[in-house]
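Working notes, beginning with the structure itself.
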Amino acid sequence: MIGSKILLVDDEVVFAQNMAKLLANRGYVIAAVNSGDAAIQALEEKDFDVVVLDLKMPGMDGITTLKEIKKLGLFTQTLILTGHGSIDTALEAIKMGAYDYLTKPCEIDELVGKIEGAWEKKDNDVKKNIQEKIQKVVESPQDVFELFPKKK
């Protein structure tokens, strides 16, 4: 979806910069960071529709970053980028809740296709969550305040 907010996470600075430019030229709003820690910080500060996450990074690797993203409880979908030698790890990431994976290097059109699919899943998840909350209100209006807790 044009205008979708994408967080690109890759320790290869040149790759991240090039992909960010290519995606921005296609109408996406892009933020690029070069570590798992920076990704978590960015997600705590802003909303993103899709995270494009490299698996092999120094420090906090992609699997650990994915675990931390899941702890945040966001509707963000995560797309994994992996080298050819780590397909098993990419499949592990999908079992943990990642949307899908691509091997690096990847074609921009293939990446855009996966981003679009991840965005659609995110959109459907948001709609489903809203429907569930509406249904709870209809079934039990007195519990409405439990669905929308006060922020501290």
Any chance you could lay out the side-chain contact (heavy atoms from CB on, under 4.5 Å) test for Gln41 and Val33, step after step, and finish with the verdict? CA-CA 10 Å; Gln41 183 177 355; Val33 296; over 6 Å; no

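- Within the model, atoms CD1 of Ile115 and OH of Tyr28 stand 5.5 Å from one another, a figure rounded to the nearest 0.5 Å.
- No more than 12 heavy-atom neighbours from other residues, nucleotides or ligands sit within 6.0 angstrom of CG on Asp47.
- Listed by first then second residue, pairs satisfying salt bridge (Lys or Arg N to Asp or Glu O under 4.0 Å) with a partner in residues 55-77 read Glu68-Lys71, not counting sequence neighbours.
- Leu23 and Val14 fall into different hydrophobic clusters, where Ile, Leu, Val, Met, Phe, Trp and Tyr residues are linked whenever their side-chain heavy atoms come under 4.5 Å apart, directly or through other members.
- Note: the hydrophobic cluster containing Val29 does not contain Ile108 (ILVMFWY, side chain heavy atoms under 4.5 Å, direct or indirect links).
- Residue Val13 is not grouped with residue Met57 when hydrophobic side chains (ILVMFWY) are merged at heavy-atom distances under 4.5 angstrom, including chains of intermediate members.
- Counting all heavy atoms, side chain and backbone alike, Asp49 lies closest to Ser4 at OD2-CA, 3.4 Å.
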Could you go step by step and tell me if Val52 and Leu7 meet the side-chain contact (heavy atoms from CB on, under 4.5 Å) rule? CA-CA 6 Å; Val52 179; Leu7 178 61; over 6 Å; no

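- Annotation for Ala98 and Leu66: closest pair CB-CD2, 4.1 Å, computed over non-hydrogen atoms.
- The hydrophobic clustering, which links ILVMFWY residues whose side-chain heavy atoms are closer than 4.5 Å, places Leu79 and Leu22 together.
- In this structure, the side chain of Asp54 does not engage the main chain of Val9 through any donor-acceptor pair within 3.5 Å.
- With hydrogens and angles disregarded, no donor-acceptor distance shorter than 3.5 Å links the side chain of Thr82 to the backbone of Leu55.
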Assess whether side-chain contact (heavy atoms from CB on, under 4.5 Å) is satisfied between Lys127 and Ile130, documenting all intermediate values. CA-CA 5 Å; Lys127 288 175 184 173; Ile130 290 170; 5.8 Å; no

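- Evaluation of the side chain to side chain contact (heavy atoms under 4.5 Å, CB included) rule for Lys121 yields Gln77, Tyr99, Asp125 as partners, not counting sequence neighbours.
- If you take CD1 on Ile80 and NZ on Lys114, they are separated by 12.0 Å, rounding to the nearest 0.5 Å.
- In this structure, Leu74 and Lys122 have side chains that are not in contact, with every pair of non-hydrogen atoms separated by 4.5 Å or more.
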CA sep, side-chain torsions, deciding dist, call: Leu81, Met19, side-chain contact (heavy atoms from CB on, under 4.5 Å): CA-CA 12 Å; Leu81 288 178; Met19 278 298 174; 5.9 Å; no

